[in-house]
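Okay, structure first, notes after.
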Amino acid sequence: MNPRNNQSGSEGSDHPHDAEESDRNLSSFSEYIDHSKHDPEKVVEVSPDGRYAKLNSVLGKGAYKIVYKGIDREEGYEVAWNCFQTTKQEYAELSQEVEILKRVRHPNIINFHDCWYSNTEFIFITELMTSGTLREYIRKLQSPNLKVVKRWCRQILKGLIYLHSYDPPIIHRDIKCDNIFINGAHGEVKIGDMGTAKMKIGKKYTVIGTPEFMAPEMYEEKGYSEKVDIYAFGMCLLEMVTGEYPYGECKNAAQIYKKVTQGLKPDCLSKITDPEVLSLINHCIAPEHERYSAQEAIEDPFLGVEPEVVVLTTNEAKNHLTLQVVFKGMDKLSVKFEFNADSDTAEEVVNEMIVEDVLPQRYQRIITHDINRILRELSGVNEKKESPGHLTPSSPMVQMNQSHGNVSPLTLDVTSPQTPQGATTLSRKNSNPEYTGEVDLPFKEYAPDAPIEDLVRDTAAAYHRGPDKANEWLAKLKNQDIMTVGDLQDLQDSDWAGFELTVFASRALRNRLFGKNTKRPSTMPADDGN
Ligand SMILES: Nc1ncnc2c1ncn2[C@@H]1O[C@H](COP(=O)(O)OP(=O)(O)OP(=O)(O)O)[C@@H](O)[C@H]1O
């Protein structure tokens, strides 16, 4: 960057003084002008607050906007300086949208930094992506291998899960490979062109999205949901694996419209031979009511988000374990639970977590199998206690934090994929803004005469169970004349078995009532602090 040109609002800041100064280095003034006109590092405009500088370098042009390279002078980063032609009135109408965009922060979504209006242009500053769009990459790589495709898909879907988790969901409306950007060095993928959908509507263009990527319901003008992004994602996946633009056989938007509204799939779909890829695409481009959500798509077998069970802690006797189901490829998504090897079986515990909607059914076999494997390995360790040298680095035992004493059987921390929690206009459905995983619930103090409803409804809500679940638990407790919290507090451990609650419900309620490390009935094992 040339500091001589850093003058605020200077559309070509060629002040005569600069020219005189430049004479010392250049043979003539005209040569300087010529040179600077093509100097990509020349600052040609500065933001009203002076923080951002637009450089003389066009990164790309789309149907709606021109994007220049820019510099964040406060942080020293390169940024993208986007110019979108619009009226001041339209800009003012976007203010709410802009506030939302500023709050959107996710590693797989291009950051929106700032914006203002200047000379018929809505100017906004976003994160700069260095390696072009996914579309360009696909053309370059010809047919990228499936490992790369999976990595891209997971990242796109993580971005969509994030957007759709807002309440109401943020709908991108124009997902396509040209709007997905890559940062070369690490193959990092981010969704771009955020928020321009509303601007394009403002401009009264007949088509909001891109016909090839638009779900049938978008043509119908009856309203649509965030599922339109999943349809578009399905079309992106089709382009990634075939290298062809969907509906390439159509000559114009009208032909595409006809095919899409008749439910006819793009011709290139027939070129897909991998059954897993085909199945995922079909789930994404299915009619709206059958279509995957972003969460379901990322859990599809093709993307290989397979659960794995790891041992977090164990007592010395290796019969009280804290286990955690971790979903590979899904950051921080986990289900943590206590397991008593003397009284629990893997089959029962997994089954209960499925009944309680903590785990999706399709993982039943693999998780049960994994827990049994851990139990086998642990009993093997018990038998070979005298010779512990047999542990290999890959053994789950190596991940174990040995604890001394008993692990509380009451702890149950769960973060499940389906944890919607209603909220105000624009809050995240997930209670934790960072998706940091576990929901650690402290016990809550209840007066002994508090109605049992208070405890049950609180606990159900805390573990993201719906009112139906809470009513089911309540009915079972009331059947046994449990009317107040005090009635439960007085019980012995063995009494809980009589309620016919699932292990999950029982543990959740007891966890809430007695806490992990604090109050507990005298009959329960002493806590070692784990
Ligand atoms: N954040 C960015 N970093 C780097 N280059 C970018 C960035 N955003 C846009 N570009 C470049 O600018 C070009 C135009 O941007 P974009 O496609 O978003 O414009 P548009 O008018 O909204 O698009 P469309 O025609 O798809 O509606 C892109 O193809 C890309 O080359």
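Looking at Tyr245 and Cys177, their side chains never come closer than 4.5 Å, going by heavy atoms from C-beta outward. You'll find the side chain of Lys336 reaches within 4.5 Å of the side chain of Thr322, heavy atoms only.
With sequence neighbours left out, the side-chain contact (heavy atoms from CB on, under 4.5 Å) criterion links Ala460 to Arg465, Ala470, Trp473. Residues satisfying the ring pair (Phe, Tyr, Trp, His ring centres under 6.0 Å) test with Tyr77, not counting sequence neighbours, are none. With sequence neighbours left out, the salt bridge (Lys or Arg N to Asp or Glu O under 4.0 Å) criterion links Glu288 to no other residue.
Using a distance-only test at 3.5 Å, with no hydrogens or angles considered, a donor-acceptor pair links the side chain of Tyr219 to the main chain of Pro211. Under the 3.5 Å distance criterion, the side-chain polar atoms of Asp72 are matched with a main-chain donor or acceptor of Glu74. Side chain of His164 to main chain of Gly159: no donor-acceptor pair is present (N/O by atom type, distance under 3.5 Å, no hydrogens or angles). Between the side chain of Lys69 and the main chain of Ala80, no donor-acceptor pair closer than 3.5 Å is present. In this structure, the side chain of Thr261 engages the main chain of Tyr257 through a donor-acceptor pair within 3.5 Å. Checking side-chain atoms of Thr210 against main-chain N and O of Phe213 turns up no donor-acceptor pair under 3.5 Å. Side-chain atoms of Arg151 do not come within 3.5 Å of backbone N or O of Glu188 as any donor-acceptor pair. No side-chain donor-acceptor contact under 3.5 Å links Gln155 to the backbone of Trp152.
Ionic pairing of Lys176 and Glu239 is not present here: no N-O contact between side-chain nitrogen and carboxylate oxygen is shorter than 4.0 angstrom. A salt bridge between Arg173 and Asp229 is absent, with no side-chain N of the basic residue lying under 4.0 Å from a carboxylate O of the acidic one. Salt-bridge formation is detected for the pair Glu217/Arg291: a Lys NZ or Arg NE/NH1/NH2 atom is positioned less than 4.0 Å from an Asp or Glu carboxylate oxygen.
Side chains of Asn179 and Thr133: no donor on one and acceptor on the other come within 3.5 Å. With hydrogens and angles left out, the side-chain atoms of Thr126 and Asn82 include a donor and acceptor closer than 3.5 Å. Residues Asn183 and Thr130 have side chains that bring a donor and an acceptor to within less than 3.5 angstrom of each other.
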Task: Pair Arg51-Asp114, salt bridge (Lys or Arg N to Asp or Glu O under 4.0 Å): steps then yes or no - done: CA-CA 10 Å; Arg51 174 169 177 170; Asp114 202 1; over 6 Å; no
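Sparse packing is recorded around NZ of Lys88, with 12 or fewer heavy atoms of other residues, nucleotides or ligands lying under 6.0 Å away.
Applying the salt bridge (Lys or Arg N to Asp or Glu O under 4.0 Å) test to residues at least two apart or on different chains, the pairs with a partner in residues 115-129 are Glu127-Lys190. Sorted by first and then second residue, the ring pair (Phe, Tyr, Trp, His ring centres under 6.0 Å) pairs with a member in residues 267-290 read His283-Tyr292; sequence neighbours excluded. Legend: salt bridge (Lys or Arg N to Asp or Glu O under 4.0 Å) pairs involving residues 249-266, not counting sequence neighbours, sorted by first then second residue: Glu249-Lys259, Lys259-Asp267.
The line from NE2 of His106 to CG of Leu163 is 8.5 Å long, rounded to the nearest 0.5 Å.
Ring geometry, Trp116 versus Tyr52: the interplanar angle falls under 30°, so the pair is classed parallel (tilted spans 30 to 60°).
Taking the ring axis of Phe112 as reference, the NZ or CZ atom of Arg105 does not stay both within 45° of it and closer than 6.0 Å to the ring centre.
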